[in-house]
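To start, the structure under review is shown below, and the notes come after it.
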Amino acid sequence: MLKIFAGLKGSGKTKNLVEMVNQAQKVTKGNVVCIESGTKLIHEINSQTRLINIDTYSINDWERLYGFICGILASDYDLTDLFIDSALKICKNDVEGFEKFAQKITPLLDSQSINFTMTASIEVEKIPESLKPYLA
């Protein structure tokens with residue numbers, strides 16, 4: 001199930017994401033992964049959560065992000081929750097690419113019953129229509 005937190009910088013997206021990550025870690029019987037650009041969440045995320053700095057892997061567009069997520073899925077059969085902070089930024093603010101990424105990855109994650117939440121720094125009104133049903 002996909003959830004997207006959208007809004008301009010300072011609207012509380014990352015704060016909500018951190019709360020969701022930590023809550024998921026408390027209740028899961030599997031693994032929780034959180035992807036971010038940088039290391040700003042290292043002290044806010046429960047240490048049992050796999051926190052990945054995407055910058056380490058030179059991921060800079062939606063297709064590489066998709067491949068990276070596929071690699072995580074292929075290597076972690078116990079994954080229950082996946083979070084991406086600043087997903088649109090990781091996609092180089094390419095709204096069309098962000099939409100393609102979400103459309104392509106969602107069925108894959110749904111088929112494995114993985115909860116999938118990401119944030120995007122964009123005005124809610126500018127989110128593509130196909131993604132509006134996923135807005136949290």
TODO: Take Lys89 and Ser121 through the side-chain contact (heavy atoms from CB on, under 4.5 Å) test and state the conclusion after the steps.
DONE: CA-CA 7 Å; Lys89 181 180 174 185; Ser121 289; over 6 Å; no

Task: Rounded distance (nearest 0.5 Å) linking atom CD of Glu44 with atom CD of Glu19 - done: 10.0 Å

Task: Close side-chain approach of Arg64 to Tyr57, heavy-atom, < 4.5 Å - done: no

Open item on the list: Students often mix this up, so state it plainly: with edges at 30° and 60°, are the rings of Phe101 and Phe116 parallel, tilted or perpendicular?
Closed with: perpendicular

- [ ] Inspect the contact between Asp94 and Lys100 and indicate whether a charged nitrogen and a carboxylate oxygen are less than 4.0 angstrom apart.
- [x] no

Hydrophobic clusters here meaning ILVMFWY residues chained together by side-chain heavy-atom distances under 4.5 Å, can you tell me if [X] and [Y] are in one?
X      : Y      : result
Ile114 : Ile54  : yes
Ile52  : Leu88  : yes
Ile122 : Leu135 : yes
Leu51  : Ile35  : no
Leu82  : Leu131 : yes

Task: Minimum-distance pair of heavy atoms, taken over all atoms of Asp55 and Gly38 - done: OD2-N, 3.2 Å

Open item on the list: For the NZ atom on Lys15, are there more than 12 heavy atoms of other groups (residues, nucleotides or ligands in this structure) within a distance under 6.0 Å?
Closed with: no

Task: Tyr134, OH: over 12 other non-hydrogen atoms inside 6.0 angstrom - done: no

- [ ] Let me see the working for Leu65 and Ile105 under side-chain contact (heavy atoms from CB on, under 4.5 Å), right down to the final yes or no.
- [x] CA-CA 10 Å; Leu65 181 58; Ile105 200 73; over 6 Å; no

Open item on the list: For Gly71, is there any backbone N or O sitting under 3.5 Å from a side-chain donor or acceptor partner on Ser75?
Closed with: yes

- [ ] Verify, without hydrogens or angle tests, whether Thr56 (side chain) and Asn53 (backbone) share a donor-acceptor contact under 3.5 angstrom.
- [x] yes

Task: Charged tip of Lys13 within 45° of Phe5 ring normal and under 6.0 Å - done: no

Open item on the list: If you apply the rule side-chain contact (heavy atoms from CB on, under 4.5 Å), what do you find for Ile90 with Phe98, and how did you get there?
Closed with: CA-CA 9 Å; Ile90 293 169; Phe98 177 71; over 6 Å; no

Open item on the list: Whether the Asn22 and Asn46 side chains hold a donor-acceptor pair (N or O, under 3.5 Å, no angle test) is what I'd like checked.
Closed with: no

TODO: Could you check Ser86 against Glu36 for side-chain contact (heavy atoms from CB on, under 4.5 Å), going step by step and ending with a plain yes or no?
DONE: CA-CA 7 Å; Ser86 302; Glu36 69 168 324; over 6 Å; no

Open item on the list: So, applying side-chain hydrogen bond (donor to acceptor under 3.5 Å, both in side chains) with Thr119, which one of Asn16, Thr14, Asp85 is it?
Closed with: Asp85

